[in-house]
> 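The structure that follows is given in the form of structure tokens.
Excluded from the calculations below are hydrogen atoms, water molecules and symmetry mates; all remaining heavy atoms, backbone and side chain alike, are included. Here the structure is a predicted model, which is why all the values come from computation and not from measurement.
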Amino acid sequence: MTPAEQSRITRDIAHLAPVIPVLVVQDPDRARPVAEALVAGGLPALEVTLRTAGALDAITAMADVPGGVVGAGTLLTPGDVHAAKAAGAKFGVSPGATDELVEASVSEGLPLLPGAATATEAMRLLARGYDMLKFFPAEAAGGVAYLKSLAGPLPRIAFCPTGGVSADNASDYLTLPNVVCVGGSWVAPAEMQDSGDWAGIESLAQQAASL
């Protein structure tokens, strides 16, 4: 699978809904009901960050939720790519991009949404075949104004901004011509996961899906 083929897949996934939930799952036993609530609320693409000990188990638990497309976030090394694919992830997300990470994703056949924060980083990824990128850290890197300024000189590249994106500013990003969707953690907050408030998570997902 070439980078260009990967980008076609990740762009299709990005078009499934305006928001991709960025999930930090502490308890793998709660992973499936979290996924079911988000999918029921209209957010089928899910990113489980590899920031917890149970993240890979959470991906496996979510992998067969009907209507869901589960990916692994915070991919940093080739080992992360291999582990994510083995756990059942359908795509991967990285905060940046290294040659080793790109080559591993190509070798493993795991569609990658690589991160970029500057025009140079975006251009280098485009030269390799990636035209669907994660913009991270969105708010800290310059936010809506910065991303808007990239649309003119880099019209072929589409972005999924993540990092500081919230219910309050998501719609500002989504109005930009080079933004397909945004990534955010507000749709499945830790307190709702801990309390098993699946109806609350579904409600937040419905609100996000309507942006």
> What closest approach, in Å, do Tyr173 and Leu147 show between heavy atoms, and which atom pair accounts for it?
CD2-CD2, 4.2 Å
> Is there side-chain contact between Arg128 and Arg124, with heavy atoms separated by less than 4.5 Å?
no
> Could you tell me whether the side chain of Glu5 and the main chain of Thr2 form a donor-acceptor pair under 3.5 Å?
yes
> Indicate yes or no: at least one non-hydrogen side-chain atom of Val102 is less than 4.5 angstrom from one of Pro114.
no
> So do Pro66 and Val39 actually touch side chain to side chain, heavy atoms under 4.5 Å?
no
> Can you see which heavy atom on Ile59 is nearest to which on Val70, and at what distance?
CG2-CG1, 4.2 Å
> So, for Asp194 and Arg30, which heavy atoms are closest and what is the spacing to 0.1 Å?
O-NH2, 3.1 Å
> Between atom CD of Glu121 and atom CG of Leu133, what is the distance when rounded to the nearest 0.5 Å?
10.0 Å
> Kindly determine whether Leu150 and Phe159 satisfy side chain to side chain contact (heavy atoms under 4.5 Å, CB included), including the steps that lead there.
CA-CA 10 Å; Leu150 295 181; Phe159 293 93; 4.1 Å; yes
> On a heavy-atom basis, which atom in Met132 and which in Ala14 lie closest, and how many Å separate them?
CE-CB, 3.9 Å
> State whether the side chain of Thr175 and the backbone N or O of Asp172 hold a donor-acceptor pair below 3.5 Å, judged by distance alone.
yes
> Measuring from atom OG of Ser7 to atom CZ of Arg156, what distance do you get when rounded to the nearest 0.5 angstrom?
10.5 Å
> Is a side-chain N or O of Thr10 found less than 3.5 angstrom from the main chain of Gln6, in a donor-acceptor match?
yes
> Test side chain to side chain contact (heavy atoms under 4.5 Å, CB included) on Leu50 and Leu56 and set out the steps.
CA-CA 7 Å; Leu50 299 189; Leu56 293 171; 3.9 Å; yes
> Taking Asp131's backbone N and O only, do any of them form a donor-acceptor pair with Arg11's side chain (distance below 3.5 Å, no angle check)?
yes
> Do the side chain of Asp80 and the main chain of Thr77 share a donor and acceptor less than 3.5 angstrom apart?
yes
> Between Cys181 and Leu174, which heavy-atom pair has the shortest distance, and what is it?
CA-CD2, 3.8 Å
> Is a donor from one side chain sitting under 3.5 angstrom from an acceptor on the other, for Tyr146 and Glu139?
no
> Looking at every non-hydrogen atom in both residues, tell me the closest pair between Gly183 and Val22 and how far apart they are.
C-CG2, 3.8 Å
> State the CG-CG distance between Leu75 and Leu110, to the nearest 0.5 angstrom.
6.5 Å
> Just so I know, are the side chains of Val81 and Leu101 near enough to count as touching, which here means a heavy-atom distance under 4.5 Å?
yes
> Test side chain to side chain contact (heavy atoms under 4.5 Å, CB included) on Met192 and Leu204 and set out the steps.
CA-CA 11 Å; Met192 283 189 174; Leu204 289 177; 3.7 Å; yes
> Let me confirm one number: the CE-CD1 distance from Met123 to Ile157, rounded to the nearest 0.5 Å.
8.0 Å
> Closer than 3.5 angstrom, by distance alone: can the side chain of Asp12 be matched with the main-chain N or O of Ile9 as a donor-acceptor pair?
no
> Under a 3.5 Å distance rule, please check whether Lys85 uses its side chain to pair with a backbone N or O of Glu108 as donor and acceptor.
yes
> Check whether any side-chain heavy atom of Thr49 lies under 4.5 Å from a side-chain heavy atom of Leu23, and answer yes or no.
no
> Between Thr52 (side chain) and Val25 (backbone), is there a donor-acceptor pair under 3.5 Å?
yes
> Is any side-chain heavy atom of Leu46 closer than 4.5 Å to a side-chain heavy atom of Ile20?
no
> Are the side chain of Thr60 and the backbone N or O of Ala87 linked by a donor-acceptor pair below 3.5 Å?
yes
> So Leu154 and Asn178, side chain to side chain contact (heavy atoms under 4.5 Å, CB included) or not? Walk me through it.
CA-CA 9 Å; Leu154 301 175; Asn178 55 344; over 6 Å; no
> Mind jotting down which residue pairs meet the side chain to side chain donor-acceptor pair (under 3.5 Å) criterion with at least one end in residues 31-42? Sequence neighbours excluded, please.
Arg32-Glu36, Arg32-Asp64
> Is it true that a side-chain atom of Ser195 and a backbone atom of Glu191 form a donor plus acceptor pair closer than 3.5 Å?
yes
